[in-house]
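Lettering of chains follows the sequences in order, A, B, ..., and the numbering in each one begins at 1.
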There are 2 protein chains.
Amino acid sequence: MNRQTQHPDRPLRADAERNRTKILEAAAQVFAEQGLEATLDEVAAVAGVGVGTVYRRFPDKESLIGTLFDNAVDEIANLAHSAATRTNSWDALVWFLEEALQRQCSNRGLRDVVVGSPYAVDRMAEAKRRITPSIKFLVERAQRDGFLRDDVVGGDIPVLEMMISFLGNLTSTSAPDLWRRYLTIVLDGLVVARTEPSPLQAFPRHDVVSEALHSVHRHVGRAT
Amino acid sequence: MNRQTQHPDRPLRADAERNRTKILEAAAQVFAEQGLEATLDEVAAVAGVGVGTVYRRFPDKESLIGTLFDNAVDEIANLAHSAATRTNSWDALVWFLEEALQRQCSNRGLRDVVVGSPYAVDRMAEAKRRITPSIKFLVERAQRDGFLRDDVVGGDIPVLEMMISFLGNLTSTSAPDLWRRYLTIVLDGLVVARTEPSPLQAFPRHDVVSEALHSVHRHVGRAT
DNA sequence: TGGAAACGGAGTCACACACTCCGGTTAGAG
DNA sequence: CTCTAACCGGAGTGTGTGACTCCGTTTCCA
């Protein structure tokens, strides 16, 4: 039974509203760090409230994640839109990728949604519908201006983003900017032509990279 | 208790040996398709034997996965080694990436090990030790010959492979060759300079891509 | 100040899997 | 052919996990 809508519209009591906010913030942080596998108990702990309180505001885990996801999509949609207002079409595309990736790379929860965790499956469709047109515009404009190779397509951009952000998620704890190095390489592959490579951010010490890979262990279960 | 080593060396009975092989083949297939989360019950079912039989040959899940992983590493090490014997240094590097990725992209289990599933953690170190030198050679030779940009490093190759193979894993069921498109772009980013883009494989219909993303659902649990 | 609204968090429940156990079957040595 | 050690199947066990509920207590605010 859904407890939160006795009178659908009555505003929440002050403390309740305060807690709702704390929960949302905590959830954003916890899911970003741990992915959607994180427990609502943990979210509650970080928010400094009891689990009961979480369930009083959000009927179930999915709806909490949904709210969060909608916010994230809003943000990215805005990014794409405001990139479109920039004058230099190549810089606009690069800027969009950098900004979007910065968010995606530090948000494991977002990845989980995209990869198809059962939470918020249908919201993905809506998200794509909202973002696709802006990206298409960015791509085609950069092509008209002779920056971007002609054989790529709007749909390639999300795929490339996904590809890079996986890497980012994996290394986010110990080499949080490593993904930029590979974005540069990809961008050098997207440009129509070039006479020399763009400068790359330094490659981290090997132990950092491998440690990064193995610091993932959320669930060290069963295999002890 | 470990049941399989009564007399460490005695050869297995004919039927037992036959089953061991069936189990190994089934496990390779199942883990490649589903990742390491797959159940040994499922492996047994595919192999056409009972779970008990699986546990009689392999003391636990980890050791079965370990055996499989060692095989996969062998294969990739051989690839790297035999790439080194090729005369054209750029073609050698590209060939290695294509071959290695073809394997990694169709093997979700491999990804799980690399990403740090608790199975076979220490085997990773050994694997890296074996493969790293050959890759270093491939990279530096291609740089000396003026093909590969100078600012990349041996360690970049596994990272790029990882990045692309995530994508591959995600789309392996419905667009099994999609990763090649993005490998081409990355390679165009790795080359020292170029006057035009390399030809790209066609971009699939949009519905294929998104369906690909959402066909992943291994565990549709809890979120119904 | 009364009572509706909100709170906390121990407890419930359902499920998922790695692994075991044992009664029945079979290979293959003598 | 026979006999037994080796092998087999798969129902069952044990453990862990995590979403969600319940209810006695506390807090807001009219």
Side-chain angles (χ1 to χ4, degrees), chain A residues 1-23 26-27 30-31 34-66 117-119 218-224, chain B residues 1-23 26-27 30-31 34-66 117-119 218-224:
Chain A
M1 192 214 318
N2 183 340
R3 286 98 125 249
Q4 71 183 327
T5 21
Q6 296 93 339
H7 270 242
D9 309 326
R10 174 149 26 111
L12 290 173
R13 224 170 68 177
D15 52 346
E17 185 57 47
R18 213 158 38 232
N19 279 340
R20 206 190 102 99
T21 307
K22 283 198 290 185
I23 290 167
V30 169
F31 287 132
Q34 308 190 15
L36 301 186
E37 290 184 358
T39 311
L40 286 207
D41 286 53
E42 180 137 10
V43 171
V46 171
V49 305
V51 226
T53 304
V54 176
Y55 281 96
R56 205 165 301 106
R57 289 299 145 246
F58 301 90
D60 55 18
K61 191 176 177 182
E62 183 175 3
S63 97
L64 174 53
I65 290 175
S117 287
Y119 306 105
R218 281 299 131 211
H219 34 227
V220 191
R222 322 188 190 304
T224 324
Chain B
M1 193 212 317
N2 182 339
R3 286 97 128 251
Q4 72 182 329
T5 22
Q6 298 93 336
H7 270 243
D9 309 326
R10 175 150 24 112
L12 291 172
R13 225 170 69 176
D15 53 345
E17 184 57 46
R18 211 158 41 232
N19 279 340
R20 207 190 101 98
T21 306
K22 283 198 291 186
I23 289 167
V30 170
F31 287 131
Q34 308 191 15
L36 302 185
E37 289 183 359
T39 311
L40 287 207
D41 286 54
E42 180 137 10
V43 171
V46 171
V49 304
V51 225
T53 306
V54 175
Y55 280 97
R56 205 166 301 108
R57 290 297 144 246
F58 301 90
D60 55 19
K61 191 177 178 181
E62 183 175 3
S63 97
L64 174 53
I65 291 176
S117 287
Y119 306 104
R218 281 302 130 208
H219 33 229
V220 191
R222 322 188 190 304
T224 326

Problem set entry | Whole angstrom value for the distance that separates C1' of C:dC19 from OH of B:Y119 | 12 Å

For this session: Ignoring the backbone of B:K61, work out which of C:dC7, C:dA18, D:dC7 is nearest its side chain.
Result: C:dA18

Problem set entry | Euclidean distance, atom CD of residue B:E42 to atom P of D:dG10 [Å, nearest integer] | 15 Å

Exercise. Minimum heavy-atom separation for B:K61 to B:A38, with atom names?
Worked result: NZ-O, 3.0 Å

Exercise. Mind checking whether A:R20 and A:L12 have side chains closer than 4.5 Å, heavy atoms only?
Worked result: yes

Seminar exercise, completed: Closest to the side chain of B:D15, out of C:dG8, D:dC7, D:dC28, is D:dC7

For this session: With the side chain of A:V51 defined as its heavy atoms from C-beta on, choose the nearest nucleotide among C:dC19, C:dA10, D:dC8.
Result: C:dA10

For this session: Looking only at non-hydrogen atoms, find the nearest pair between B:Y119 and B:L36 and report the distance.
Result: CD1-CD1, 3.8 Å

Exercise. Tell me: CD of A:E37 to P of D:dG16, nearest whole Å?
Worked result: 18 Å

Exercise. Does a side-chain heavy-atom distance below 4.5 Å link B:F58 with B:I65?
Worked result: no

Problem set entry | Residue whose closest nucleotide on DNA chain D lies nearer the 5' end, A:L40 versus B:E17 | B:E17

Exercise. Can a donor-acceptor pair under 3.5 Å be found between the side-chain atoms of A:R13 and the base atoms of C:dA5?
Worked result: yes

Problem set entry | Spacing between B:Q34 atom CD and C:dA16 atom P, to the nearest angstrom | 14 Å

For this session: Compare the minimum distances between each of D:dA5, D:dC20, D:dA19 and the side chain of A:D60, then state the nucleotide with the smallest one.
Result: D:dC20

For this session: Rounded off to whole Å, could you give me the CG-to-P distance for the B:L36 and C:dA18 pair?
Result: 11 Å

Problem set entry | Phosphate contact (D:dC8 OP1 or OP2) by B:R57 side-chain N/O below 4.0 Å | yes

Seminar exercise, completed: Note: B:V54 and B:I23 closest approach over all heavy atoms is CA-CD1, 3.8 Å

Exercise. Between atom CG in A:D41 and atom C1' in D:dA19, what is the gap in whole Å?
Worked result: 8 Å

For this session: Check every atom of C:dA27, D:dC8, C:dG8 against the side chain of B:T53 and return the nucleotide holding the closest atom.
Result: D:dC8

Exercise. Should B:N19 be listed as having a side-chain N or O under 4.0 Å from OP1 or OP2 of D:dC7?
Worked result: no

For this session: Round to a whole Å and report the spacing from CG of B:L12 to C1' of C:dG28.
Result: 15 Å

Exercise. The side chain of A:R56 lies closest to which of these nucleotides: C:dG8, C:dC17, D:dC8?
Worked result: C:dG8

Problem set entry | Separation of D:dA6 P from B:R18 CZ (nearest whole Å) | 18 Å

